[in-house]
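Please read through the structure below; I'll follow up with questions.
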Amino acid sequence: MLRIPCPHCGLRDYTEFQYGGDASKIRPVHTEECLAPWHDHVFLFDNPKGVHREYWQHRLGCRQWLIIDRHTATNVIEPTTRDPTNSDLMNSDLMNTGRQP
Amino acid sequence: MNAHTRRPQGGHMDRSQVLHFSLEGKPLVGFKGDTLASALLANGIRLIGRSFKYHRPRGFLAAGVEEPNGLFTLGSGGRTTPNVVGTTVALYDGLIAHRQNAWPSVEWDWMAINSLLAPLLSAGFYYKTFMGPCKGSWMFYEPFIRRAAGLGRARHIKDPDRYDTRHAHTDVAVIGAGPAGLAAALQAGRRGARVTLIEQDSLLGGCLLSESSPALTEWRQQVMAELASLPRVKILTHTTALGLYDGHTLALVERRDASAADPTRGQAREVVITLRTRALILATGAIERPLVFGNNDLPGVMLHSAVHTYSERFALNLGSRILCATNNNSVYASACALAQHGAEVIIADSRPHIDQALMESARAVQIRVLTDAQLISAQGRRHVRAATLAVAGQSRPTTLPCDLLTLSGGWNPTVHLSSHTGIAPVYRAAVDAFVPGRYASGHYGAGAIHGCYALPEVIREGATAGQDAAMQAGYPQPVDVIAIPAVSTVPYAFELPRTAYPRTRQKAFVDFQTDVTTQDLTIAHEEGFVSVEHLKRYTTLGMGTDQGKTSNVNGIQHMAALRDVPIPSAGTTTFRPPYTPVSIGALAGRRVGQHFRPIRRSPLHDWHATHGGVFTEAGPWLRVWYYQWAGSSVESAYLEEMRVVRQGVGLSDVSSLGKIDIQGPDAAEFLNRVYVNGFAKLPIGKARYGVMLNDDGTVLDDGTTARFSDTQYFMTTTTAQAVEVMSRLEFLTQQVWPELAVNVTSLSDQWAGLCIAGPKARAVLQNAFPTLDSSDAAIPYMGAREASLGEVPLRLLRLSFSGELAYELYVPSEYGQALWEHLLVAGAHLGIQPYGLEALASLRIEKGHVAGLELDHRNTLDDLGLGKMASRDKAYIGRALSQRPGLKAMDRWSLVGLRLTTTGSPLRGGAVLFAKDEPLTGHGRGYITSVTWSTELNQYIALALYQGGLRHEGEEIVCAYPLKNEYTRATIVSPVFIDPSGARLHV
Amino acid sequence: MKAMHRSRYSALSLVRHALKEMPWRRAWRAATPQPHYDVIIVGGGGHGLATAYYLAANHGIRRVAVLEKSYIGSGNVGRNTTLVRSNYQLPGNTQFFEHSLKLWESLSHTLNYNVMLSQRGQVVLAHGPAQLDVLARKGNTMLLNGIDAELLDRGEVMRLLPYLDYSSECRFPIYGGLLQRRAGTVRHDAVAWGYARAASDLGVDIIEHCEVTGFIENQGRITGVDTTQGRIHAGRTAIAVAGHSSHLAAMAGLRLPIESHLLQAFVTEAIKPFVDHVISFGAELFYISQSDKGGLVFGGHIDGFNSYTQRGQFPKAQDVAECAVALIPSISRLRLLRHWGGIQDMTPDGSPFIGRTPLRDLYFNGGWCYQGFKATPASGWCFAHTLAHEEEHPLIRHLALDRFERHNGFDEYGLGLWPYRQ
């Protein structure tokens with residue numbers, strides 16, 4: 001069971017979350033009218049076999065959209081995982097020990 | 001009970017509890033503590049099945065989960081369970097067992113004729129034949145193959161038993177309660193960790209259960225007693241660790257005693273447990289490896305460790321002349337025990353030199369030891385009666401009579417769980433075995449799993465693992481190390497025979513269950529299927545219900561020998577969960593029947609249920625399809641309900657719509673970015689219909705949003721997209737535009753939604769809220785008001801889905817029913833009636849509103865006739881990609897109305913549309929999405945997507961429904977069938 | 001040119017080998033890489049091997065190498081749930097998958113290898129009137145394109161599949177279904193082996209344990225590959241490596257509209273015949289059939305997040321078990337024997353890419369989502385044509401890599417633009 005450290009709720013089963021895809025891509029600004037940047041943003045993926053920065057929403061918890069760095073070949077979630085609104089919360093050891101806050 | 005077989009004393013059974021069971025209807029008895037296998041053996045039953053392909057007679061090979069032959073069908077009626085491994089079934093009173101895969105009986109099996117055809121049925125034979133005489137001939141042969149294949153027979157009767165699933169957490173999980181596991185659990189338990197000790201057997205002890213040494217027996221008792229005294233140690237017997245998954249998570253299945261699993265008392269037969277751990281210890285032991293030689297599948301040929309277990313744990317004497325064939329030290333002690341129970345024992349050791357002490361220990365109990373002796377074949381028809389060996393120094397093979405032939409070809413550590421995590425097992429030459437390549441962080445191994453077999457060392461390893469795991473789990477305080485029992489052991493030593501496998505004309509089985517022989521491996525080698533995975537797939541080696549627990553390593557070793565490469569180069573295999581098969585019912589647990597998926601119900605559900613509402617599934621929702629006041633079937637009722645709405649007034653429950661509260665100084669800007677149409681200037685007290693797109697320019701959803709103050713808005717979404725829209729809005733506020741001061745909150749469950757619709761809707765409203773000015777001037781079309789019913793706040797929107805004068809009212813869920821009843825009373829004199837989903841959906845078709853069937857992530861604004869709504873002067877989500885040429889093309893399929901022009905067949909959803917005179921082939925020019933009978937127009941009408949859309953207005957087209965051989969004609973019209981000017985909305 | 005003498009398989013050859021104890025010859029030759037080929041196909045899975053076979057058989061191009069980093073058939077061709085069918089409704093898809101099914105129907109004879117096509121019929125269930133309308137559109141489209149389809153009402157489904165749940169306890173009652181009788185299952189491994197043997201007999205070099213480590217680029221052209229067995233030059237290079245498409249394309253500097261996801265498959269212990277048809281649940285993505293060996297084979301949705309792990313999550317096993325019992329209550333006491341995962345390339349519209357790439361002489365075939373196995377013969381057929389003629393076969397023109405620059409592609413099920421939801 002993939003378990004995801006939610007900065008607000010603790011370490012939880014991935015089934016509580018909704019996957020939201022690649023978070024490494026920078027979304028074009030809202031007013032961007034050119035097709036190419038939107039095409040690349042929506043349709044192209046790095047799809048790395050390695051660390052993948054991705055969105056997960058804690059739908060059955062705090063409903064926050066999180067950014068997680070997960071290795072796609074091992075499912076190990078990197079400690080660099082951060083939540084932009086709560087960056088300091090993620091630096092606890094809960095990812096490493098599996099301990100719940 | 002066969003007195004010759006079962007000794008009068010000893011064993012771990014409870015002889016005071018006699019259990020009655022049956023085999024093919026024949027009554028038999030056993031003891032509490034027996035397995036089905038030990039009880040059958042105690043009754044002298046040795047022929048326990050027929051093999052998969054050749055239907056050869058088979059007996060038990062093993063005493064545990066690795067058993068390949070002893071599969072039974074248990075139970076009767078709805079409790080019939082095929083393919084149950086007899087060595088793992090704890091005997092219970094009333095057990096009904098049948099042997100499998102034979103006709104008419106296991107003793108006389110007609111299909112044994114396959115043995116004669118064996119040369120034709122070699123590995124992969126079916127890929128080479130059954131192709132002629134013509135294309136599709138396989139369909140002729142296949143039914144015969146299918147009937148011959150398969151093992152037991154299952155019945156199509158609903159399972160009367162219950163299952164459960166459970167979630168659990170622990171600090172340290174210990175898998176396996178043999179000596180290593182017991183030591184680990186106790187050591188971790190002493191540190192204060194929450195420990196879960198998992199044992200598939202009914203008793204703790206593993207191999208200790210087959211030991212007669214007083215020191216070990218005492219040690220086991222002491223450890224068990226101390227474990228029982230530790231409140232934070234949980235012991236799960238009859239529980240198998242099925243799989244080891246990411247996040248230190250184990251999937252377990254706990255098999256309840258058959259007598260305890262009474263569904264009428266709510267008891268589950270099996271419970272699947274998802275156990276999350278902080279650290280885990282693999283103390284899973286090892287399984288003995290059989291030897292491969294001619295006729296090695298004869299009943300009476302058994303794993304040596306199994307014979308030892310049957311002898312010590314179940315007090316069974318299975319042979320009087322026992323030949324023990326081995327290539328290692330591990331058989332000597334137990335062979336001595338067999339001799340001490342009175343059997344005549346010969347050890348045939350394939351090694352030329354063996355440890356002198358071992359030799360002497362054997363001789364001391366009159367065991368004859370043959371060195372450099374290799375088995376060639378076994379003899380016997382239904383049971384082994386002799387074995388032929390090649391013995392060094394003798395020019396011709398020796399034949400020795402025996403009534404039991406035990407095999408020990410070394411040990412296969414149980415590396416499955418470690419392999420589940422993606423860590424490939426590696427071959428360790430020092431112990432001639434595949435061991436875990438490494439242990440993942442937080443995982444520890446102890447004992448035989450990595451080839452440590454000497455008991456004191458095993459226990460020491462277990463204690464260390466327990467120590468480390470507890471530390472990892474956050475219990476650093478040191479405690480006393482547990483006592484190690486003083487037993488002497490001979491170090492494990494083995495030697496692989498010089499010739500891999502003896503040449504023999506008899507079949508030599510590598511995989512007993514799937515009937516794979518050395519000959520099959522040779523063919524696979526000849527044909528190039530030499531990679532381990534190819535070998536498995538081509539020969540079916542290891543693909544049986546035992547997952548090759550006794551065969552995989554022999555198969556790999558044999559292939560290595562054929563290829564003349566070292567074993568590590570021959571490869572390894574990936575073990576897949578589950579470790580042993582698990583009931584599908586157990587995996588499903590309580591999520592069966594009505595509980596398969598959660599049901600979403602409106603807060604008004606109970607009212608509907610008691611007032612003639614007939615429900616239908618709408619995604620996760622149960623919604624009222626129609627009410628019985630209007631008719632006894634949906635076909636008649638929805639028309640009646642439509643008439644009430646068009647001519648009088650109806651009341652419907654729209655609580656399933658998504659309801660979202662949007663607040664903040666930037667709420668207007670937020671909505672303006674989300675919707676394609678402008679929302680920046682929506683006045684307070686007004687609602688507006690809005691459409692939002694996906695990033696790719698297709699329509700995501702439509703709905704209305706009303707403004708209640710400078711900073712507060714109330715959005716409704718469709719039922720189908722409610723969850724998705726909410727999540728998107730949260731994404732946008734949190735991740736895309738965190739700079740906007742806006743917050744979104746779902747009210748979908750918190751608020752009920754009601755709709756009054758029809759020409760008399762205002763009269764109902766006036767009556768219901770006498771103090772509210774509900775005039776057209778006060779609440780105009782698209783007006784929004786806050787009101788109250790007594791103390792209860794209420795939101796009132798004048799919107800219309802049906803095309804009639806209509807109001808949507810939203811109240812906190814707990815007041816939904818009060819409001820509903822209040823409106824029914826207020827409208828009683830006007831003939832108000834509730835209407836359901838079918839009428840709701842039909843009314844909207846008449847009005848040309850799009851819904852779920854048209855909003856399927858494939859259509860653009862223009863496709864749905866909503867292109868005019870898109871603002872030209874602002875950015876909105878999906879705008880850029882909606883400008884791609886393919887999304888702007890003139891010949892896209894877009895929304896039209898259809899009116900049936902011929903009589904006879906009705907219009908049907910899913911009909912494919914063609915221009916009048918073109919040939920009816922290919923994909924047509926569109927299709928019908930939604931159909932209804934129009935009570936206003938008295939004919940069938942439909943919404944459809946048609947190439948070029950309303951540019952073809954007035955044309956007659958063909959609606960092809962070849963599935964029913966119907967070809968009807970319809971005219972393309974505006975999708976707004978009623979009140980195109982909207983006069984009814986503005987009264 | 002090395003044309004191999006082909007030893008034909010037949011009942012007679014089995015008897016001959018049995019009586020004379022003759023050894024069998026290798027199913028495909030063990031080959032070592034030559035310095036240059038006309039075409040290199042990267043990926044020895046179903047699609048790559050089929051492409052190689054059709055290049056040799058249909059187009060006479062025999063200087064072909066198939067490079068496989070592991071053993072052939074080690075990827076999805078040997079990990080799927082073996083369904084073949086042609087019940088598609090979108091223009092392009094319909095014809096392509098029907099072509100594939102037609103090729104399946106003669107494949108055992110074409111290859112002289114019994115791939116055991118079992119046309120048991122597939123029933124897709126509908127659990128409400130609207131869902132039945134959606135299936136009807138598909139069925140009508142199939143019939144209008146010469147493909148067999150039958151619409152079943154509840155009573156007809158009951159007669160055909162009496163063991164499904166028709167009780168009042170059923171959460172999503174069965175309303176009807178769409179039957180394609182020609183749909184069915186194929187013995188998956190046999191497809192890889194059969195194509196490999198037939199291709200090898202025509203002179204194709206099948207090189208196992210040869211991993212591509214880079215592409216040789218020369219002024220915008222791809223002229224070969226670097227491998228763990230050395231540098232190999234080629235006139236044209238084709239990628240057919242499901243699960244690792246992005247990984248390989250990145251070596252050539254290409255970024256694809258593809259995400260790799262994990263799809264699990266499940267099999268029960270073997271039992272005597274229990275389920276005759278292929279049955280697809282309509283309430284969730286779940287399908288079940290029984291193999292010739294007797295195991296019930298089933299599958300569901302992808303795990304739902306990017307993955308290269310080849311091992312699935314346990315809750316998904318519970319999910320599909322719930323679906324299985326919801327569909328066939330009597331399945332409850334049968335036991336799950338094994339579940340495993342394959343890496344599946346998912347695309348924004350659920351449809352694949354096949355054809356040329358922005359780099360000259362580099363061709364791409366991938367992104368098959370759930371459809372890779374059933375597409376194998378047609379994919380090989382059309383890809384071979386494309387490689388031979390340097391222009392896409394008419395049946396795959398709609399599957400261009402750059403289609404999202406122009407439109408939204410071919411979203412057969414209307415699931416939207418998210419690869420992880422397709």
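These values consider heavy atoms only, across backbone and side chains, with no hydrogens, waters or symmetry-generated copies.
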Among C/N306, C/T347, C/T309, single out the residue with the greatest number of heavy-atom pairs under 4.5 Å to chain A.
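The candidate making the most pairs under 4.5 Å is C/N306.
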Region of C/D402 in contact with chain A, defined by heavy-atom distances below 4.5 Å
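Nothing of C/D402, per the 4.5 Å heavy-atom cut-off to chain A.
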Can you tell me which of C/D349, C/L417, C/I343, C/I258 forms the most heavy-atom pairs within a distance under 4.5 Å of chain A?
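Greatest number of close heavy-atom pairs with chain A: C/I258.
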Can you say whether the rings of A/Y14 and C/F305 are parallel (under 30°), tilted (30 to 60°) or perpendicular (over 60°)?
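Plane angle over 60°, so perpendicular.
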With a 3.5 Å distance limit and no angle check, can you tell me whether C/R255 reaches the backbone of A/D40 through a side-chain donor-acceptor pair?
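No; judged by distance alone, with no hydrogens or angles, the pair does not exist.
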Examine whether an atom of A/L2 lies under 4.5 Å from a heavy atom of chain C, and if so say whether it belongs to the side chain, the backbone or both; otherwise answer neither.
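It is both, since atoms from each part get that close.
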Test side chain to side chain contact (heavy atoms under 4.5 Å, CB included) on A/T15 and C/Q313 and set out the steps.
CA-CA 10 Å; A/T15 48; C/Q313 300 293 321; over 6 Å; no
Quick one: CZ on C/R421 to OH on A/Y19, what's the gap to the nearest 0.5 Å?
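C/R421 CZ to A/Y19 OH: 12.0 Å, rounded to 0.5 Å.
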To the nearest 0.5 angstrom, please state how far the CG atom of A/L44 sits from the CG atom of C/L401.
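A/L44 CG to C/L401 CG: 8.5 Å, rounded to 0.5 Å.
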For the OG1 atom of A/T74 and the CZ atom of C/R311, what is their distance to the nearest 0.5 Å?
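That separation rounds to 7.5 Å.
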So which part of A/W56 gets closer than 4.5 Å to some heavy atom of chain C, the side chain, the backbone, both or neither?
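It is the side chain, since no backbone atom gets that close.
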Gap separating the CZ atom of A/F45 from the OH atom of C/Y420, nearest 0.5 angstrom:
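Answer rounded to 0.5 Å: 8.5 Å.
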With rounding to the nearest 0.5 Å, note down the distance linking NE2 in A/H52 to CD in C/E259.
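It comes to 6.0 Å.
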Contact winner vs chain A - C/S307, C/S260, C/G409, C/A249, heavy-atom pairs under 4.5 Å:
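Top option by heavy-atom pairs under 4.5 Å: C/S260.
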Closest approach of C/Y308 to A/N47 (non-hydrogen atoms, all atoms of both residues)
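Answer, listing the atom of C/Y308 first, then A/N47: OH-O, 2.8 Å.
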Quick one: NE2 on C/H247 to CG on A/D46, what's the gap to the nearest 0.5 Å?
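The NE2 atom of C/H247 sits 13.0 Å away from the CG atom of A/D46.
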